[in-house]
Every structure is written in structure tokens, then in C-alpha cells.
Novice: 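First the structure, which I've put down as C-alpha cells, then a few questions once you've had a look.
Owing to the predicted nature of the structure, the values given are computational and were not obtained by experimental measurement.
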Amino acid sequence: SFFNDALLGEDRMVDTFSELHPKSVDRFTCWEQYKNSRYINEGARIDYIVVDQEIFQAARTAGVPLPCASTSRECTGEAAKNACL
């Protein structure tokens with residue numbers, strides 16, 4: 001796909017959610033309402049936040065707070081790698 005090949009591959013961008021939550025599967029932000037697809041967890045992700053790979057790694061290494069998608073707290077340093085999964 002364009003997203004995976006061109007943006008993440010060639011341009012060396014990082015999908016921040018996937019990078020911070022590598023074990024997450026079937027995390028969707030859009031469902032077909034007329035089919036009640038949210039209740040069977042079938043949908044699509046429309047909330048991609050991508051950043052340059054070097055900037056992402058520098059922010060992670062420097063301990064810049066990275067938001068946890070599932071909570072209101074922030075993750076820094078090692079916590080960004082582990083606690084926000």
C-alpha cells in the first residue's frame with residue numbers, strides 16, 4: 001500500500017501508535033455504524049500520526065513525554081517503550 005511502502009518505507013516516517021503499541025491488534029477508530037461493527041471490533045484506523053523516524057527516536061531517547069493512547073498519563077523514557085503497550 002502507499003502508506004506502508006512510500007510513507008513508512010521510502011520516506012522513513014514512523015506510525016507513532018504502532019511504534020508505541022507494538023502488541024496492539026485490531027485497534028480501530030472508525031466503524032460502519034449501520035452494521036454495528038464497533039461491537040464486533042471490525043473497522044479501520046483513520047487516526048494515523050506519523051513523524052520523521054529521526055525525530056521520533058530523538059524524542060524517545062531524550063525522554064520527551066509521549067502520550068499514551070489508552071490513558072490520560074504520559075510516557076517517558078523506558079516507560080514509553082513498556083508501560084503504554
Novice: Between Ser18 and Asp15, which heavy-atom pair has the shortest distance, and what is it?
Specialist: OG-OD2, 2.7 Å
Novice: With Tyr48, which residues qualify under ring pair (Phe, Tyr, Trp, His ring centres under 6.0 Å), at least two apart?
Specialist: Phe3
Novice: Drop me the distance from Leu20's CG to Phe56's CZ, to the nearest 0.5 angstrom.
Specialist: 4.0 Å
Novice: So, does Asp11 use its side chain to make a donor-acceptor pair with the main chain of Met13 at under 3.5 Å?
Specialist: no
Novice: Do Phe17 and Phe28 belong together in a cluster built from hydrophobic side chains that touch within less than 4.5 Å?
Specialist: no
Novice: Considering residues at least two apart in sequence or located in another chain, which fulfil the salt bridge (Lys or Arg N to Asp or Glu O under 4.0 Å) criterion with Asp47?
Specialist: Arg45
Novice: Under 3.5 Å, side-chain donor or acceptor atoms of residues 34-43 against the rest of the protein: list the pairs with distances, not counting sequence neighbours.
Specialist:
residue	atom	partner	partner atom	Å
Tyr34	OH	Glu32	OE1	2.8
Asn41	ND2	Asp26	O	3.0

